Amino acid sequence: MAILNARGVTHFFGGLAAVSDFRINLEPNELVGIIGPNGAGKTTVFNLITGVYSATKGSIIFEGTQIVGKRPNQVTGLGIARTFQNIRLFKEMTVLDNVRTAHYAKVKYGPVDALLHTGSFCREEERIISRSMDLLAYLNLETHAGELSKNLSYGLQRRLEIARALATEPKLLLLDEPAAGMNPQEVDRLMELIRRIKIDFDLTILLIEHQMHLVMNICERLIVLDFGETIAQGKPYEIQNNPLVLEAYLGKEMQG
């Protein structure tokens with residue numbers, strides 16, 4: 001059974017259709033990419049899936065639950081996490097606290113426990129800190145745990161965003177241009193990280209990316225958007241040799 005099924009998803013900003021009749025069927029443990037030029041509607045699709053926007057038309061079913069109209073925190077609670085095209089960390093908080101904060105989406109104590117520092121509260125806080133440090137170690141960030149996130153290098157901030165997303169214990173992870181601003185060596189390391197995360201955390205991954213080297217090497221299939229409409233989808237080699245895609249999007253970059 002598909003983990004995510006979207007049918008006929010359409011969203012208007014004023015009279016303009018930012019996304020039109022978008023469809024996707026994601027199977028568990030797939031790694032699928034969405035590509036297209038700036039303004040094609042890629043991030044809007046992510047915002048529709050995560051509840052930032054509510055689709056004007058269509059349905060989005062996640063593990064059998066209709067999520068159109070649900071708030072972002074509700075979507076997160078169901079098991080969908082994301083990173084952002086523009087990094088959105090809590091810059092004045094430490095690296096550890098950025099990850100700890102994400103755990104509170106599924107905290108196992110109530111307000112009274114927090115107020116009175118009950119045994120339940122203390123045990124849960126210890127679990128959250130331990131789990132957060134495990135995630136930082138997994139992403140080679142443990143030595144930065146006490147630093148303010150704003151002081152991390154760009155590449156490390158990208159990793160921290162992924163750690164924070166993983167802290168919500170997702171089943172579906174959405175990565176919005178995770179390779180943005182990275183040099184070729186960093187992109188290669190990121191590809192290996194995404195492959196490992198998919199296996200080690202048993203995740204389905206949907207990503208947006210402009211780095212063709214990355215999407216062609218790790219994605220199992222691709223969806224191509226143009227002005228909010230899907231113009232092609234298929235295996236990377238099929239997209240790479242699609243004349244419409246070559247002409248409309250990728251041009252010399254793909255041919256080279």
Side-chain angles (χ1 to χ4, degrees), residues 43 46-53 62-63 65 67 70-181 190 193-194 196-198 200-208:
T43 295
F46 271 25
N47 286 336
L48 291 167
I49 293 172
T50 55
V52 176
Y53 304 145
F62 177 70
E63 291 197 319
T65 299
I67 60 175
K70 290 192 179 297
R71 298 187 302 275
N73 65 303
Q74 294 174 314
V75 174
T76 300
L78 289 172
I80 300 177
R82 72 175 294 181
T83 64
F84 294 87
Q85 180 179 352
N86 300 312
I87 296 172
R88 297 186 186 179
L89 297 172
F90 301 114
K91 295 188 181 295
E92 298 298 330
M93 291 171 60
T94 66
V95 168
L96 174 59
D97 284 344
N98 265 269
V99 180
R100 285 179 66 190
T101 299
H103 282 285
Y104 293 114
K106 296 184 178 180
V107 75
K108 297 178 181 178
Y109 58 75
V112 174
D113 295 303
L115 182 64
L116 299 178
H117 281 216
T118 63
S120 175
F121 168 84
C122 294
R123 287 189 298 272
E124 184 68 357
E125 284 296 305
E126 288 175 4
R127 186 192 71 84
I128 288 171
I129 292 172
S130 175
R131 174 64 175 155
S132 297
M133 288 302 299
D134 286 345
L135 285 171
L136 292 179
Y138 182 87
L139 289 154
N140 296 319
L141 290 167
E142 71 273 25
T143 59
H144 302 280
E147 296 179 32
L148 294 181
S149 65
K150 69 179 182 181
N151 294 332
L152 293 182
S153 68
Y154 181 83
L156 293 182
Q157 287 188 25
R158 284 283 180 194
R159 284 178 175 258
L160 179 55
E161 264 213 322
I162 293 173
R164 189 175 63 180
L166 292 174
T168 67
E169 301 177 12
K171 299 171 186 176
L172 171 61
L173 177 62
L174 310 183
L175 300 174
D176 194 346
E177 295 196 34
L190 177 64
L193 176 62
I194 293 172
R196 279 198 299 119
I197 286 172
K198 177 178 177 289
D200 294 346
F201 291 85
D202 192 27
L203 287 175
T204 305
I205 297 177
L206 183 63
L207 67 86
I208 294 168

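Values in this document were obtained by computation on a predicted structure and should not be read as measured data.
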Handout entry: Any donor-acceptor N/O pair, Gln74 side chain to Arg71 backbone, under 3.5 Å
Key = yes
Exercise for the section: Please name the pair of heavy atoms, one in Pro170 and one in Ala165, separated by the smallest distance, quoted to 0.1 Å. Expected result: CD-O, 3.5 Å
Exercise for the section: Drop me the distance from Leu175's CG to Thr83's OG1, to the nearest 0.5 angstrom. Expected result: 4.5 Å
Completion exercise
Heavy-atom nearest pair, Thr94 first then Asp97, reads OG1-N, 3.0 Å
Exercise for the section: Would you check, one step at a time, whether the test salt bridge (Lys or Arg N to Asp or Glu O under 4.0 Å) holds for Asp134 with Arg131? Expected result: CA-CA 5 Å; Asp134 286 345; Arg131 174 64 175 155; 5.4 Å; no
Exercise for the section: Say whether, by atom type as modelled, one donor and one acceptor occur between the side chain of Asn140 and the main chain of Leu136 under 3.5 angstrom. Expected result: no
Practice task
Measure across Ala137 and Glu142 and return the closest heavy-atom pair with its distance rounded to 0.1 Å.
Solution key: CA-OE1, 3.3 Å
Problem - Min side-chain heavy-atom separation Leu156-Val95 under 4.5 Å - result: no
Problem - Within-4.5 Å side-chain heavy-atom neighbours: Phe62 and Val75 - result: no
Problem - Within-4.5 Å side-chain heavy-atom neighbours: Leu160 and Leu139 - result: no
Practice task
Evaluate side-chain contact (heavy atoms from CB on, under 4.5 Å) for Thr101 paired with Arg164, printing each intermediate quantity in order.
Solution key: CA-CA 8 Å; Thr101 299; Arg164 189 175 63 180; 5.9 Å; no
Practice task
Quick one: pull up CG in Leu96 and CG in Leu141 and give me the separation to the nearest 0.5 Å.
Solution key: 11.0 Å
Practice task
Report the distance from atom CZ of Arg127 to atom NE2 of His103, rounding to the nearest 0.5 Å.
Solution key: 7.0 Å
Fill in the blank from the handout: One should read off an interatomic distance between Leu166 CG and Glu161 CD, to the nearest 0.5 angstrom, of 11.5 Å
Practice task
For residues Leu193 and Arg159, determine if any side-chain heavy atom of one lies less than 4.5 Å from a side-chain heavy atom of the other.
Solution key: yes
Exercise for the section: With rounding to the nearest 0.5 Å, note down the distance linking CG in Leu203 to CG in Leu174. Expected result: 10.5 Å
Exercise for the section: Check the pair Leu148 / Lys91 against side-chain contact (heavy atoms from CB on, under 4.5 Å), numbers first and verdict last. Expected result: CA-CA 7 Å; Leu148 294 181; Lys91 295 188 181 295; over 6 Å; no
Practice task
Would you check if the side chain of Tyr154 reaches a backbone N or O of Ala180 as a donor-acceptor pair within less than 3.5 Å?
Solution key: yes
Practice task
Search all heavy atoms of Thr168 against all heavy atoms of Ala81 and return the closest pair with its distance.
Solution key: OG1-CB, 3.4 Å
Problem - Side chain Ser149, main chain Phe90, donor-acceptor under 3.5 Å - result: yes
Handout entry: From Lys198 atom NZ to Thr204 atom OG1, the distance as rounded to the nearest 0.5 Å
Key = 8.0 Å
Problem - Heavy-atom side-chain contact between Ile208 and Gln85 under 4.5 Å - result: no
Practice task
Check whether any side-chain N or O of Ser130 sits under 3.5 Å from a backbone N or O of Glu126 as a donor-acceptor pair, and report yes or no.
Solution key: no
Fill in the blank from the handout: Quick note, salt bridge (charged side-chain N to carboxylate O under 4.0 Å, His left out) partners involving residues 76-89, not counting sequence neighbours, are Arg82-Asp176
Handout entry: Sub-4.5 Å side-chain heavy-atom contact between Tyr138 and Ile162
Key = no
Problem - Side chain proximity check, Leu89 to Lys150, heavy atoms < 4.5 angstrom - result: no
Practice task
Would you mind reporting whether Leu78 and Lys70 have side-chain heavy atoms less than 4.5 Å apart?
Solution key: yes
